[in-house]
Asker: 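Dumping the structure here so I can ask a few things about it.
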Amino acid sequence: MILSSKISPEAIKKLSLSEMEQLCSELRSYIIDIVYGTGGHLASSLGTVELCVALHRVFSTPEDKIIFDVGHQAYAHKIITGRYRDFCKLRTENGISGFPRPDESPHDAFIAGHASTSISAALGIAKAMEINDDFHHVISVIGDGALTGGEAYEGLNNAGKLKRNFIVILNDNEMSISKNSGAVANYLTQMTSSTKYFETKKRVKEALSKSVIGRELSKSVSGTKELVKFAIFQSNIFENLGYKYLGPINGNNLGELLDVLNVAKQFDRPCIIHIKTKKGKGYPPAEQNSGEYHGLAKHKNDTCDEHNDTYSEIAGKYIDRLADKDKRICAITAAMKYATGLQHIAKDHRERFFDVGIAEEHAVTFAGGLASQKMIPIFCVYSTFIQRCFDQIIHDLAIEREHTVLAVDRAGFVGEDGETHQGLFDVAMLSIIPNMEIFSPSNDAELRSSFYKAVYKCKGIAAVRYPKGEAVLSDRNDADYDIRYFKFDKNNKKQLMITYGRITEFAIETAKQKEIDLLQLVKIFPIVEKSVESAEKYDKIIFFEEGIMSGGIGEKFAFELMKRGWKGDYKTVAVENRFVSYSETESQLAKFKLDTNGMIEETGDFFEQT
């Protein structure tokens, strides 16, 4: 047994090749065992075990900097760099993050949660080190899925101008979350099937002969048929951008990885290492269905096999139904077909389904182009990722009022993925944009009604936002309302609760127990005038919001009341301008007083004040 709490980058440097291969096997087993208990990104991390071991054998962190893109593939790296004991607390409250975090370990060179950022970050680190006369190595690890994002090419373009060693490892597993699509995926496939074998062999040997270490290494390379496949092609996009290109090689073969990393260290210019890995490597279910095993939820002992559809599934099925009847309806995803429920329209209306890869900015402008030709595009995107296309929403949709629907999935707390994935900013961000309408339904009926209004009643941009997880099912057939009023006050206390979205069910229970009237907003922006008219009759109002407080609907509602000259007492309970760490969603709601117990406590404290 090699894997233990004593594992470290220094220990790996003392292992033989066979011992390192045994370590890779033990790392895989450990990752599988832990992730089944905590949840996490399984398939990606299984595919990069050999890469992480090889990187720590050849380089020396934290002096050498390894920057992971997204971080889905970094679990072996975390275990190797001093987090073996804490790995059992992966993505748990007071545990360790599911992504690289510099505040967690000096071996994590840069935060990673969103895609296509690693090359830009690595370039910034490399230039800072150069200014400070520090010529340790900088290595960016980016997946082929992340390479579909535009920022990756901005980074590649600028990093190609470096006059020092700079290594980009392209981890090509032909997947992002959904299967990769588009010209980049096709290009990489063509590169890996190139027939320039003998030309490749010649160039590799020429490159190796430039240094003493390389001359020695070339002896082993020349006798290894598979390793000779790593090519320094004269004509590919990477060479044209100024990089030496090494690849493709088998990224699950530890010996080949060690050889090519040692070669890459010898160059005095930027270098691309193209490796082919198997997502889910070593675990047959994940190898056969890497999309399903990309991310696993925390395992729970649930004796009931029946579950409600998620909001994502309900949204996806309803969009497909709309597309059945209306040929103007199009659906767009940024590499999240299954996660956002769009597999139905992809199957039934293939010509009107578009997976643009991890390219949210492009998706929005593309939607604007569709809308300009009288199509009705629906862009399904996680709340945390819509942050990436703020400019495009303003410039390419809002100014000309291009009629587009933003289906904002994973709105609100998302639990264990932590700060980089919480959907807490979309309301504050979108509600400052002119010509924007926002809906935040609390159940399945309101969700369908909101989508219908967004598609057929709104003229400009409409956003329908909904949370992660199982949907609350409504027993009402009629959900055609922008606001809903609940009268529980029998004693004319003139006290009112206001809320919207998922936490409405907690607010209803609280209002019943406390005998307080409740106003639920479904259309949350622009604020419906009737809701303000109803609210100004009350002396005390408390607003509960599952989102950031600054710029939220609670603040905007208070401003509308003040414009009318309202003089009562007002309080907003929301996330007070901070980032929310990883823990279960239920814990996050409780911490911010947005569950039933928290609401009872907050209303008691506020309404009982004299």
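Hydrogens, waters and symmetry mates are skipped; everything else that's a heavy atom, side chains included, is used.
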Asker: Please check: side-chain N/O of Arg410 versus main-chain N/O of Thr384, any donor-acceptor pairing under 3.5 Å?
Answerer: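 Not confirmed, Arg410 side chain does not pair with Thr384 backbone.
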
Asker: Sub-3.5 Å donor-acceptor pair from the side chain of Asn157 to the main-chain atoms of Tyr153, do we have one?
Answerer: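 Here the side-chain-to-backbone pair does not exist.
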
Asker: So Leu55 and Val141, side-chain contact (heavy atoms from CB on, under 4.5 Å) or not? Walk me through it.
Answerer: CA-CA 10 Å; Leu55 283 169; Val141 181; 4.1 Å; yes

Asker: For His344, give me all partners under ring pair (Phe, Tyr, Trp, His ring centres under 6.0 Å), at least two apart in sequence or on another chain.
Answerer: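 If we apply the ring pair (Phe, Tyr, Trp, His ring centres under 6.0 Å) test to His344, skipping adjacent residues, there are no hits.
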
Asker: Examine distances only and state if a side-chain atom of Arg85 and a backbone atom of Ser5 form a donor-acceptor pair shorter than 3.5 Å.
Answerer: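 A pair under 3.5 Å: no.
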
Asker: Heavy atoms, side chains only, cut-off 4.5 Å: are Leu17 and Leu258 in contact?
Answerer: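 A side-chain contact exists here, since the closest heavy-atom pair is under 4.5 Å.
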
Asker: I need the Leu51 CG to Gln73 CD distance, nearest 0.5 Å.
Answerer: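 The CD atom of Gln73 is 8.0 Å from CG of Leu51, to the nearest 0.5 Å.
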
Asker: Can a donor-acceptor pair be found, under 3.5 Å and without considering hydrogens, that links the side chain of Asp69 to the backbone of Thr117?
Answerer: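 Side chain of Asp69 to backbone of Thr117: a pair is present.
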
Asker: CD1/Ile31 to OG1/Thr48 distance, rounded to the nearest 0.5 angstrom?
Answerer: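 If I round to the nearest 0.5 Å, the distance is 7.5 Å.
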
Asker: Pair up each side-chain donor or acceptor in residues 18-26 with any protein partner under 3.5 Å, not counting sequence neighbours, and list the distances.
Answerer:
{"from": "Ser18", "atom 1": "OG", "to": "Ser16", "atom 2": "OG", "distance (Å)": "3.1"}
{"from": "Glu19", "atom 1": "OE1", "to": "Ser16", "atom 2": "N", "distance (Å)": "2.8"}
{"from": "Glu19", "atom 1": "OE1", "to": "Ser16", "atom 2": "OG", "distance (Å)": "3.3"}
{"from": "Gln22", "atom 1": "NE2", "to": "Glu26", "atom 2": "OE2", "distance (Å)": "2.8"}
{"from": "Glu26", "atom 1": "OE1", "to": "Ile2", "atom 2": "N", "distance (Å)": "2.9"}
{"from": "Glu26", "atom 1": "OE1", "to": "Leu3", "atom 2": "N", "distance (Å)": "2.6"}
{"from": "Glu26", "atom 1": "OE2", "to": "Ile2", "atom 2": "N", "distance (Å)": "3.2"}

Asker: List the atom of Ala335, the atom of Ile358, and the distance in Å for their closest heavy-atom pair.
Answerer: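 Taking every non-hydrogen atom into account, CB-CG1, 3.8 Å.
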
Asker: Examine distances only and state if a side-chain atom of Gln588 and a backbone atom of Gly415 form a donor-acceptor pair shorter than 3.5 Å.
Answerer: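 Yes, because the side chain of Gln588 sits within donor-acceptor range (under 3.5 Å) of the backbone of Gly415.
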
Asker: Taking all atoms of both residues into account, what is the closest heavy-atom pair of Lys13 and Ser60, and its distance?
Answerer: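 Of all heavy-atom pairs spanning Lys13 and Ser60, the closest is CE-OG, 3.4 Å.
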
Asker: Under the ring pair (Phe, Tyr, Trp, His ring centres under 6.0 Å) test, which residues partner Tyr582, sequence neighbours left out?
Answerer: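 Expected list: none.
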
Asker: If I take atom CG from residue Leu424 and atom CG from residue Asn577, how far apart are they, to the nearest 0.5 angstrom?
Answerer: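 Result: 11.0 Å between the selected atoms.
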
Asker: For a 4.5 angstrom cut-off between non-hydrogen side-chain atoms, does His72 reach Phe99?
Answerer: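 Contact flag for His72/Phe99 side chains = yes.
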
Asker: Decide yes or no on side-chain contact (heavy atoms from CB on, under 4.5 Å) for Asp409 and Tyr466, but give the supporting numbers first.
Answerer: CA-CA 5 Å; Asp409 202 332; Tyr466 43 93; 3.6 Å; yes

Asker: Output yes when a side-chain donor or acceptor of Ser116 lies under 3.5 Å from a complementary backbone atom of Ala146, and no otherwise.
Answerer: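 Such a contact is found between Ser116 side chain and Ala146 backbone.
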
Asker: Looking only at heavy atoms, which two atoms of Ala359 and Ala334 are closest? And how far apart?
Answerer: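 That closest heavy-atom pairing would be N-CB, 4.1 Å.
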
Asker: To check you understand the geometry: which heavy-atom pair defines the closest contact between Ile80 and Pro9, and what is its length?
Answerer: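 Looking at all heavy atoms of both residues, the shortest contact is O-CD, 3.4 Å.
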
Asker: In chain order, what residues pass the side chain to side chain contact (heavy atoms under 4.5 Å, CB included) check against Lys127, with sequence neighbours excluded?
Answerer: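 Counting only residues at least two positions away or on another chain, Lys127 forms a side chain to side chain contact (heavy atoms under 4.5 Å, CB included) with Leu123, Glu130, Leu162.
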
Asker: Suppose we screen for side chain to side chain contact (heavy atoms under 4.5 Å, CB included). Which residues come up paired with Glu361, at least two apart in sequence or across chains?
Answerer: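 Expected list: Arg388, Cys389, Gln392.
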
Asker: Just by distance, do the side chain of Asn165 and the backbone of Phe267 share a donor-acceptor pair under 3.5 Å?
Answerer: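 Side chain of Asn165 to backbone of Phe267, a donor-acceptor pair under 3.5 Å: yes, one is there.
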
Asker: Under the side-chain contact (heavy atoms from CB on, under 4.5 Å) criterion, do Asp172 and Leu147 qualify, and how do the steps go?
Answerer: CA-CA 10 Å; Asp172 181 2; Leu147 205 62; over 6 Å; no

Asker: Any pair with a residue in residues 105-116 that passes salt bridge (charged side-chain N to carboxylate O under 4.0 Å, His left out), sequence neighbours left out, goes on the list, sorted by first then second residue, please.
Answerer: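 Only Arg83-Asp108 qualify under salt bridge (charged side-chain N to carboxylate O under 4.0 Å, His left out).
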
Asker: Look up atom CD1 in Ile142 and atom CG in Leu170, then write down how far apart they are to the nearest 0.5 Å.
Answerer: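 Nearest 0.5 Å value for the CD1-CG distance: 7.5 Å.
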
Asker: Does any N or O in the side chain of Thr81 come within less than 3.5 Å of the main-chain N or O of His107, such that one atom is a donor and the other an acceptor?
Answerer: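 Side chain of Thr81 to backbone of His107: no pair is present.
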
Asker: Who passes salt bridge (Lys or Arg N to Asp or Glu O under 4.0 Å) against Lys78, sequence neighbours left out?
Answerer: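 Salt bridge (Lys or Arg N to Asp or Glu O under 4.0 Å) list for Lys78, sorted by chain: Glu104.
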
Asker: Please examine the side chains of Glu360 and His114, heavy atoms only from C-beta on, and report whether any two atoms are closer than 4.5 Å.
Answerer: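 Of all side-chain heavy-atom pairs linking Glu360 with His114, none is under 4.5 Å.
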
Asker: What verdict does the side-chain contact (heavy atoms from CB on, under 4.5 Å) test give for Glu546 and Leu589, after you've listed the backbone C-alpha separation in whole Å, the side-chain angles of each residue and the deciding distance to 0.1 Å?
Answerer: CA-CA 8 Å; Glu546 188 184 348; Leu589 289 165; 4.0 Å; yes

Asker: May I have all residue pairs that pass ring-ring contact (aromatic ring centres under 6.0 Å, His included) and include part of residues 123-149, sequence neighbours excluded?
Answerer: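 Checked against ring-ring contact (aromatic ring centres under 6.0 Å, His included) - neighbours excluded - the pairs reaching residues 123-149 are Phe59-His137.
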
Asker: Can any side-chain N or O of Lys468 pair as donor or acceptor with the backbone N or O of Thr585 at less than 3.5 Å?
Answerer: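 No.
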
Asker: With sequence neighbours left out, write down each residue that passes salt bridge (Lys or Arg N to Asp or Glu O under 4.0 Å) with Asp417, or none if nothing qualifies.
Answerer: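 Residues passing salt bridge (Lys or Arg N to Asp or Glu O under 4.0 Å) with Asp417: Arg91.
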
Asker: Measure the OG-CD1 distance between Ser118 and Ile139 for me, rounded to the nearest 0.5 Å.
Answerer: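 If we round to the nearest 0.5 Å, Ser118:OG and Ile139:CD1 are 11.5 Å apart.
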
Asker: Any side-chain heavy atom of Cys88 within less than 4.5 Å of one from Ile34?
Answerer: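 Yes; the side chains approach each other to less than 4.5 Å.
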
Asker: If you define the side chain from C-beta out and look only at heavy atoms, does anything of Thr340 sit under 4.5 Å from Val381?
Answerer: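 Not touching, per the 4.5 Å side-chain cut-off.
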
Asker: Taking only residues two or more places apart in sequence, or in another chain, which ones meet His77 in a ring pair (Phe, Tyr, Trp, His ring centres under 6.0 Å)?
Answerer: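 Partners of His77 by the ring pair (Phe, Tyr, Trp, His ring centres under 6.0 Å) criterion, ordered by chain and then number, come out as His56, Phe68.
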
Asker: Is a side-chain N or O of Asn252 found less than 3.5 angstrom from the main chain of Lys278, in a donor-acceptor match?
Answerer: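 It does hold such a pair.
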
Asker: Who passes ring pair (Phe, Tyr, Trp, His ring centres under 6.0 Å) against Phe166, sequence neighbours left out?
Answerer: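 Phe166 satisfies ring pair (Phe, Tyr, Trp, His ring centres under 6.0 Å) with no other residue.
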
Asker: In terms of relative ring orientation, are Tyr75 and Phe87 parallel, tilted or perpendicular, with 30° and 60° separating the classes?
Answerer: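 Judged by the thresholds at 30° and 60°, the geometry between Tyr75 and Phe87 is perpendicular.
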
Asker: With a 3.5 Å cut-off and no angle check, do the side chains of His274 and Tyr245 form a donor-acceptor pair?
Answerer: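 Indeed, the side chains of His274 and Tyr245 share at least one donor-acceptor pair under 3.5 Å.
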
Asker: How many angstroms lie between atom CG of Leu246 and atom CD1 of Ile273, to the nearest 0.5 angstrom?
Answerer: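 Answer rounded to 0.5 Å: 6.0 Å.
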
Asker: Phe425: what forms a side chain to side chain contact (heavy atoms under 4.5 Å, CB included) with it, not counting sequence neighbours?
Answerer: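 Expected list: Gln387, Ile548, Phe579.
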
Asker: For a quick test of reading the model, state the closest non-hydrogen atom pair linking Tyr243 to Gly160 and the distance between them.
Answerer: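 Heavy atoms only, the tightest pair is OH-N, 3.3 Å.
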
Asker: Do Pro100 and Phe110 have side-chain heavy atoms sitting under 4.5 Å apart?
Answerer: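 No, side chains not in contact.
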
Asker: Ignoring hydrogens, what is the shortest heavy-atom contact between Phe413 and Val575? Give both atom names and the distance.
Answerer: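 Taking Phe413 first and Val575 second, the nearest heavy atoms are CZ-CG2, 3.7 Å.
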
